[in-house]
Amino acid sequence: MNFSEFFASAATGEIAESLTVVSVLEILLSSIIIGAVISVVYLFTHKKEGYSQAFCVALILLAPIVGMVILLIGNNVARAFSLAGAFALIRFRSAPGDPKDIAFVFLSVVMGLACGMGYWMYAAIATVVICAVILVLHFTNYAGKKGNTYTLKITVPETLNYVGAFDETLGKYTNGFKLTKVKSVDFGALFELTFSVDLKDDKQMRVMLDELREMNGNLKIMLSTEAPAVKNFHFQ
């Protein structure tokens with residue numbers, strides 16, 4: 001038995017008649033390239049307002065995973081309904097999970113369906129390729145931020161025009177920042193500005209805070225690490 005016959009014998013049913021190992025790899029590689037292009041475009045268009053590394057990675061992973069879904073369904077309506085029923089088993093509650101976690105859930109479900117239908121060799125190939133992409137994205141820290149992300153709260157008097165007042169200082173010490181919330185305190189006598197900042201160097205933290213204190217009249221300033229997103233998903 002040669003190489004092609006071995007792979008052909010590992011698959012059964014109508015898919016084996018129309019697909020080859022080469023065609024499966026073509027589907028996976030093309031979908032990975034398309035997902036990467038979409039992810040890069042997302043990065044480019046979200047530089048100013050910020051982006052989630054996990055979401056950028058998920059954009060790349062979901063394309064080949066969905067490609068395998070369509071590959072398994074084909075023109076079989078019964079198989080499509082079975083696949084929809086399998087995905088309906090997953091229910092997310094409370095705060096959404098990490099997008100990468102969700103991608104892993106879908107990957108496991110799709111590969112499990114592939115094995116359950118008897119296409120274990122195609123599932124093995126897809127798993128190896130997609131997991132290799134996951135490892136490359138992980139070790140290259142794709143879309144990862146260079147500095148450390150913090151929540152910065154600055155209290156300012158009501159007489160200060162806070163719009164853009166701290167942009168120059170924050171731009172000097174951070175890779176990026178975003179004003180996320182403005183709240184009035186002390187019956188409107190003061191305002192509390194909340195920024196999400198990505199510090200270039202933690203050693204410059206004290207210098208940055210000193211400059212900010214000079215600008216806000218030595219009122220309260222608080223810098224804290226951002227709390228991680230809650231991951232909570234269940235099967236039922």
Separation between [atom1] of [X] and [atom2] of [Y], rounded to the nearest 0.5 Å:
X      : Y      : atom1 : atom2 : result
Leu25  : Ile32  : CG    : CD1   : 9.5 Å
Leu28  : Ile33  : CG    : CD1   : 11.0 Å
Glu214 : Leu209 : CD    : CG    : 11.5 Å
Arg213 : Met215 : CZ    : CE    : 13.0 Å
Leu212 : Ile221 : CG    : CD1   : 5.0 Å
Met205 : Asp210 : CE    : CG    : 12.0 Å

Exercise. If you look only at pairs with a residue in residues 25-38, which of them pass as a side-chain hydrogen bond (donor to acceptor under 3.5 Å, both in side chains), with sequence neighbours excluded?
Worked result: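 Every pair satisfying side-chain hydrogen bond (donor to acceptor under 3.5 Å, both in side chains) with a residue in residues 25-38: there are none.
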
Exercise. What side-chain hydrogen bond (donor to acceptor under 3.5 Å, both in side chains) pairs are there with at least one residue in residues 160-172, not counting sequence neighbours?
Worked result: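 Non-adjacent pairs meeting side-chain hydrogen bond (donor to acceptor under 3.5 Å, both in side chains): Lys172-Glu211.
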
Problem set entry | Leu190 and Val156: CA distance, side-chain angles, deciding distance, side-chain contact (heavy atoms from CB on, under 4.5 Å) verdict | CA-CA 6 Å; Leu190 303 171; Val156 299; over 6 Å; no

State, yes or no, whether a side-chain contact exists between [X] and [Y] at a heavy-atom distance under 4.5 Å.
X      : Y      : answer
Val110 : Leu107 : no
Val207 : Tyr173 : yes
Lys178 : Phe195 : no
Leu152 : Thr194 : no
Ile65  : Met68  : no
Leu193 : Lys153 : no

Give me the atom names and distance for the closest heavy-atom approach of [X] to [Y].
X      : Y      : answer
Gly35  : Ile60  : O-CG1, 3.8 Å
Ser196 : Thr149 : OG-CG2, 3.9 Å
Phe191 : Pro157 : CD1-O, 4.5 Å

For this session: Can you spot which of Asn216, Leu219, Leu223 makes a side chain to side chain contact (heavy atoms under 4.5 Å, CB included) with Ile154?
Result: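 The residue from Asn216, Leu219, Leu223 that satisfies side chain to side chain contact (heavy atoms under 4.5 Å, CB included) with Ile154 turns out to be Asn216.
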
For this session: Kindly state whether the ring of Phe177 and the ring of Phe166 have centres lying under 6.0 angstrom apart.
Result: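 No, ring centres 6.0 Å or more apart.
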
For this session: Apply side-chain contact (heavy atoms from CB on, under 4.5 Å) to Met222 and Thr151, showing your working.
Result: CA-CA 8 Å; Met222 183 174 67; Thr151 296; over 6 Å; no

Exercise. Does any donor atom in the side chain of Asp202 or Tyr150 lie under 3.5 Å from an acceptor atom in the other side chain?
Worked result: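 Side-chain D/A pair, Asp202 to Tyr150: present.
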
For this session: Sequence neighbours left out, what passes side-chain contact (heavy atoms from CB on, under 4.5 Å) with Thr140? Give chain and number order.
Result: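 Once residues adjacent in sequence are excluded, the partners of Thr140 under the side-chain contact (heavy atoms from CB on, under 4.5 Å) criterion are Val136, Tyr142.
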
Exercise. Should Leu179 and Val163 be marked as a side-chain contact (heavy atoms from CB on, under 4.5 Å) after you check the CA-CA gap, both sets of side-chain angles, and the distance that decides it?
Worked result: CA-CA 9 Å; Leu179 179 63; Val163 179; over 6 Å; no

Exercise. Counting N and O atoms only, with roles assigned by atom type, does the side chain of Thr174 sit under 3.5 Å from a partner on the main chain of Leu199, one being a donor and the other an acceptor?
Worked result: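 No; zero donor-acceptor contacts below 3.5 Å.
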
Exercise. Which is it for Leu62 and Phe106 under the side-chain contact (heavy atoms from CB on, under 4.5 Å) test, yes or no, and what are the steps along the way?
Worked result: CA-CA 8 Å; Leu62 286 176; Phe106 284 139; 4.1 Å; yes

Problem set entry | Path from Leu170 to Val182 over hydrophobic side-chain contacts below 4.5 Å |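 Leu170 clusters together with Val182.
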
